[in-house]
Amino acid sequence: MSLLTILRYPDPRLHTVAKPVRNFDDRLKKLVSDMTETMYEAAGVGLAASQINVHEQLIVIDISDTHDDLLVLINPEIIWTSPEKTVYKEGCLSVPGIYDDVERHTQITVRALDVTGNSFELKADGLLAICIQHEMDHLLGKVFVEYLSSLKRDRIKTKMLKEERRAQKTSNSSPKR
């Protein structure tokens with residue numbers, strides 16, 4: 001397994017729409033494994049392949065505190081949403097340190113494939129429903145900050161670009177050995 005690089009907002013590659021997974025092979029199993037390790041290492045509860053610059057419809061999620069309840073969704077499709085919605089303070093591994101309120105459906109049913117290509121349906125509510133909707137947005141090329149006002153989005157974009165420049169300046173000034 002290996003850690004993958006997570007794209008950071010406002011990287012334009014985060015807006016690429018993912019394509020369906022066609023091959024259920026060893027490459028896919030390794031990708032799922034690497035994404036899972038990357039998600040856990042980054043202390044996240046979900047990661048979409050789009051966030052690591054692999055534009056395939058693949059999501060890994062684990063909302064458990066013990067990292068023992070991994071959910072893999074391949075080519076996911078929301079087939080039902082509750083009329084009720086809830087507001088939840090969301091964060092994102094691609095927008096580290098930023099949290100804001102986003103309105104989502106409180107309950108959903110999703111149809112997806114597992115890593116071997118078998119179809120299944122899952123009813124979700126609470127944090128799991130929020131997380132699935134958030135990660136599925138990534139597959140559509142959407143980052144959660146796009147639900148916020150343009151003023152908030154611009155402030156976040158400016159902050160993220162400043163942090164990126166600061167990080168590059170720090171790494172460029174490090175002594176080479």
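We use all heavy atoms of the structure for the numbers below, so side chains are in, but hydrogens, waters and symmetry mates are not. Quantities reported herein were computed from a predicted structural model and do not represent experimental measurements. Quick note: residue numbers are just sequence positions, from 1.
Under the side-chain contact (heavy atoms from CB on, under 4.5 Å) criterion, D26 pairs with K29, sequence neighbours left out. Qualifying side-chain contact (heavy atoms from CB on, under 4.5 Å) partners for T5, counting only residues two or more places apart in sequence or in other chains: none. Partners of T109 by side chain to side chain donor-acceptor pair (under 3.5 Å), not counting sequence neighbours: none found. Applying the salt bridge (charged side-chain N to carboxylate O under 4.0 Å, His left out) rule to E121 yields the partners R111; only residues at least two apart in sequence or on another chain are considered. Residues that satisfy the side-chain contact (heavy atoms from CB on, under 4.5 Å) test with K19, not counting sequence neighbours, are absent from this structure. Take H67 and apply the ring-ring contact (aromatic ring centres under 6.0 Å, His included) test, not counting sequence neighbours, and it matches Y40. A search for side-chain contact (heavy atoms from CB on, under 4.5 Å) contacts involving A42 returns I6, L93, not counting sequence neighbours. The ring-ring contact (aromatic ring centres under 6.0 Å, His included) search around Y88 returns none, not counting sequence neighbours. Partners of D101 under the salt bridge (charged side-chain N to carboxylate O under 4.0 Å, His left out) rule, at least two apart in sequence or in another chain, are K89.
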Under 3.5 Å, sequence neighbours excluded: what are the donor-acceptor pairs made by side chains of residues 156-163?
| unit_1 | atom_1 | unit_2 | atom_2 | d |
| --- | --- | --- | --- | --- |
| T158 | OG1 | D154 | O | 2.9 |
| E163 | OE1 | R8 | NH2 | 3.2 |

Distance-only criterion, 3.5 Å: show the donor-acceptor pairs between side-chain atoms of residues 45-56 and protein atoms not counting sequence neighbours.
| unit_1 | atom_1 | unit_2 | atom_2 | d |
| --- | --- | --- | --- | --- |
| S50 | OG | H138 | O | 3.4 |
| Q51 | OE1 | A48 | N | 2.9 |
| Q51 | NE2 | S94 | OG | 3.0 |
| N53 | OD1 | H55 | NE2 | 2.9 |
| E56 | OE1 | R27 | NH2 | 2.9 |
| E56 | OE2 | R27 | NH1 | 3.2 |
| E56 | OE2 | R27 | NH2 | 3.2 |

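I108 contributes atom CD1, which lies 7.0 Å from atom CG of L128 (distance to the nearest 0.5 angstrom). Here the straight-line distance linking atom CG of L3 with atom CD of E41 works out to 5.5 Å at 0.5 Å rounding. Note that the CG atom of L139 and the CD1 atom of I74 stand 11.0 Å from one another [nearest 0.5 Å]. D125 CG to E84 CD: the interatomic distance, rounded to the nearest 0.5 Å, is 11.0 Å. Remark: E90 CD to D137 CG distance equals 8.0 Å, nearest 0.5 Å. The CG atom of L113 sits 10.0 Å away from atom CD of E77, with the distance rounded to the nearest 0.5 Å.
Residues L7 and F144 share a single hydrophobic cluster, defined by chaining ILVMFWY side chains whose heavy atoms lie under 4.5 Å apart. Under a hydrophobic-cluster definition in which Ile, Leu, Val, Met, Phe, Trp and Tyr are linked whenever side-chain heavy atoms come within less than 4.5 Å, directly or via other members, I132 and V102 are assigned to different clusters. Both L73 and I78 sit in one connected hydrophobic cluster of ILVMFWY residues. Membership requires side-chain heavy atoms under 4.5 Å apart, directly or through other members. Hydrophobic clustering (side-chain heavy atoms under 4.5 Å, transitive across Ile, Leu, Val, Met, Phe, Trp, Tyr) keeps L71 apart from V32. Follow the hydrophobic side-chain contacts under 4.5 Å out from F120 and you reach I61 in the same cluster.
Between I130 and T86, the closest side-chain pair of non-hydrogen atoms falls below 4.5 Å. Using a 4.5 Å heavy-atom cutoff, the side chains of V143 and E146 are in contact. The side-chain heavy atoms of D100 and V145, taken from C-beta on, include no pair separated by under 4.5 Å. Looking at L70 and V60, their side chains come closer than 4.5 Å, going by heavy atoms from C-beta outward. Counting heavy atoms from C-beta on, the side chains of L14 and Y9 come closer than 4.5 Å.
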Exercise for the section: Tell me, with the steps shown, if L28 and V115 meet side chain to side chain contact (heavy atoms under 4.5 Å, CB included). Expected result: CA-CA 7 Å; L28 180 65; V115 75; 4.3 Å; yes
Exercise for the section: Given side chain to side chain contact (heavy atoms under 4.5 Å, CB included), test M136 with V110 step by step and report yes or no. Expected result: CA-CA 10 Å; M136 285 185 67; V110 63; 4.2 Å; yes
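In this structure, E37 contributes its side chain and S2 its backbone to a donor-acceptor pair below 3.5 Å. With hydrogens and angles ignored, the 3.5 Å screen pairs a side-chain donor or acceptor of N75 with a backbone N or O of V21. Counting only distance, with no hydrogens or angles, the side chain of D62 and the backbone of D69 share a donor-acceptor pair below 3.5 Å.
In this structure, K142 forms a cation-pi arrangement with Y147, its terminal cationic atom sitting closer than 6.0 Å to the ring centre and no more than 45° off the ring axis.
The hydrophobic cluster analysis finds L151 isolated: no Ile, Leu, Val, Met, Phe, Trp or Tyr side chain comes under 4.5 Å of it, directly or through other members.
Annotation for D68: atom CG counts as buried by contact number, over 12 foreign heavy atoms lying within 6.0 Å.
Closest of all the heavy-atom pairs between R13 and D11 is NH2-OD2, 2.6 Å.
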